[in-house]
Amino acid sequence: MSAQRRDEGLVILGAGLAGLSAAYHAGPGARIFEAEARAGGACVTDREGPYSFDRAGHLLHLRTREVQRLIQKLLPGRFQVLARDARVHLMDTEVRYPFQANTFGLLPEVKGECVRRYLEAAVSEKKQPRNFREWTQAAFGKSISRFFFEPYNHKLWTISPSKLSLEWMKSYVPQPDCSRVIRGAFADIPEGGGYNAKFWYPQTGGIGILGQALSASISRLRLNARAVSVAPRRRTVDILGLGRIAWQRLISTLPLPVLVAILEQPPRRILEAAKQLHANSVIVVNLGVIRSRPNKTHWLYFPEAEYSFYRVGFPSNYGRMAPRGRSVLSAEVAVKAGTGWEGRKKLAGRVRRDLIKAGLLEKKDIIEKEYLQYLPYAYVIYDKNHSAARKLILDYLTSQGITSIGRWGGWEYSAMEDAILAGKQAVIRK
Ligand SMILES: Cc1cc2nc3c(=O)[nH]c(=O)nc-3n(C[C@H](O)[C@H](O)[C@H](O)COP(=O)(O)OP(=O)(O)OC[C@H]3O[C@@H](n4cnc5c(N)ncnc54)[C@H](O)[C@@H]3O)c2cc1C
């Protein structure tokens, strides 16, 4: 990967990883405009006193040599590769993730039921599952589905798993074979598989150093430069404070509904399709605590409804995010799109109580810092309208000379590596 090209006439909106990667690979001609005062988008690290907080757990699960090489080139020696230690907190105990392959630690009658229903599903006649709930029941049996997949996914996506389609889950839900499921019920087996079995993470500085390194290697980046209107016919974009900018080709990484909202005179069918795009929001309640290692894992999943969060991360267990003797706990709470921020004080109080209930904090612990983050667009919801609405809008944009990419620009469940690859592909494939 190299930044040798010169791409005049190319304008990029948004300097998250997708936009930064597009600018990097396009070369010095490309201009990139970012609304915020810093680059990185969702891949930033906030520094608060002695603590560092990513915007929710951000770990690099790298599949491609291409992106591994790029990161080594940009940040030589700064990343370590770690084997995931993630668990599921259920019935007052912790079992290894992925749950379907690790029911070992559960009460004998519970894991017995999980295995029995798993085998029942394995030998039963296969019907085409119509939604994610039916799929988990068919793939793992009704008990594994009921104890983990249904409550966890309901909490994460904020809608019933019976309303979720199957398009997103292939790369994200590990599907261990039958022998692994059975062995995992009778023995504690550390290696659990899945897309995130290993991850890359900086030894120091938090995940934000990646966005920073990319932005430092591109030349025509304007910060505090919000796009407020895009005119495909005129081929211009209006940037707040900078005026009208002409483009021959536009790459947008703005959330798709935001881009549609600032398009000049889009067809009615595009406006209607944009109404069918749904995402949730996430509030991260970060705590800086005077205590070392409140939990030995990297993160815990919480399927049970009695806990407000779906996941709690321990970033100071995988990066230097707090000084010695202190720790960072990051509790992620999913809410319906655009909601929840007004009630954040109450929510933070509930999160603290839930952390005590889960044994991750004690009443006497000194919380030195409480730092809340709001991610307005978090997980794109794969409901029955997602695929058609997304395609209609993306095809229309392509016909207008606009390529919309990234997790929210492409309106998909994707990760940092995908954003980097999408940025490169967008400038290579013309
Ligand atoms: C809760 C959560 C956890 C995640 N965990 C992981 C993980 O563990 N591993 C992983 O690989 N990925 C993870 N991700 C995904 C990862 O954050 C994204 O894939 C990646 O950061 C997307 O980059 P992007 O450039 O597409 O979008 P963004 O980072 O959102 O970039 C878009 C940019 O556009 C800017 N912008 C918006 N509007 C305008 C405007 N009008 N004008 C100009 N600029 C504008 C924004 O400020 C932003 O900088 C997670 C995401 C979430 C929400």
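Counting starts at 1 for both ligands and their atoms, following the listed order. Along the sequence shown, residues are numbered consecutively beginning with 1.
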Based purely on interatomic distance, does [X] place a nitrogen or oxygen under 3.5 Å from a nitrogen or oxygen of ligand 1?
| X | answer |
| --- | --- |
| I262 | no |
| G406 | no |
| G19 | no |
| A35 | yes |
| H58 | yes |
| Y377 | no |
| S414 | yes |
| M416 | yes |
| L254 | no |
| E34 | yes |

Heavy-atom side-chain proximity of [X] to [Y] below 4.5 angstrom:
| X | Y | value |
| --- | --- | --- |
| R235 | Q248 | no |
| V230 | L250 | yes |
| R326 | E368 | yes |

Quick test: of every protein heavy atom, which one is nearest to [atom], and how far off is it to 0.1 Å?
| atom | result |
| --- | --- |
| atom 1 (C) of ligand 1 | A56 CB, 3.5 Å |
| atom 22 (C) of ligand 1 | W408 CZ3, 3.8 Å |
| atom 9 (N) of ligand 1 | L59 O, 2.7 Å |
| atom 34 (O) of ligand 1 | G14 CA, 3.3 Å |
| atom 15 (C) of ligand 1 | R407 NH1, 3.4 Å |
| atom 3 (C) of ligand 1 | G57 O, 3.7 Å |

Would you tell me which option among [options] has the nearest heavy-atom contact to [atom]?
| atom | options | result |
| --- | --- | --- |
| atom 20 (C) of ligand 1 | A18, A419, A422 | A419 |
| atom 21 (O) of ligand 1 | G423, G16, A42, P255 | A42 |
| atom 42 (N) of ligand 1 | A378, A227, S21, G313 | A227 |

Under 4.0 Å to a heavy atom of [X] - the qualifying atoms of ligand 1, by number:
| X | result |
| --- | --- |
| G41 | 29 (O), 48 (C), 49 (O) |
| E36 | 47 (O) |
| F33 | 43 (C), 44 (N) |
| A225 | 43 (C) |

Quiz item: According to the interplanar angle, ranging from 0 to 90°, do the rings of Y382 and W157 count as parallel (below 30°), tilted (30 to 60°) or perpendicular (above 60°)?
Solution: perpendicular

Quiz item: Mind checking whether W341 and Y374 have parallel, tilted or perpendicular rings, split at 30° and 60°?
Solution: tilted

Check ion pair [X]-[Y] (N to O, under 4.0 angstrom):
| X | Y | result |
| --- | --- | --- |
| E34 | R226 | no |
| D238 | R244 | yes |
| D418 | R407 | no |
| E264 | R234 | yes |

Using ring centroids (six-membered ring only for Trp), state whether [Y] and [X] fall under 6.0 Å.
| X | Y | answer |
| --- | --- | --- |
| Y118 | F140 | no |
| Y318 | F199 | yes |
| W299 | Y97 | no |

Quiz item: Within 45° of the six-membered ring axis of Y307 and under 6.0 Å from that ring's centre, is NZ or CZ of K357 located there?
Solution: yes

Quiz item: Can you tell me how far CD of E306 sits from CG of D354, rounded to the nearest 0.5 angstrom?
Solution: 8.0 Å

Quiz prompt | Separation between CG of L256 and CG of L259, rounded to the nearest 0.5 Å | solution = 6.5 Å

If you measure from each heavy atom of [X] to ligand 1, is any distance below 4.0 Å?
| X | result |
| --- | --- |
| V258 | no |
| L13 | no |
| G211 | no |
| L60 | no |

Exercise. Could you list the residues that satisfy side chain to side chain donor-acceptor pair (under 3.5 Å) with R311, not counting sequence neighbours?
Key: E332

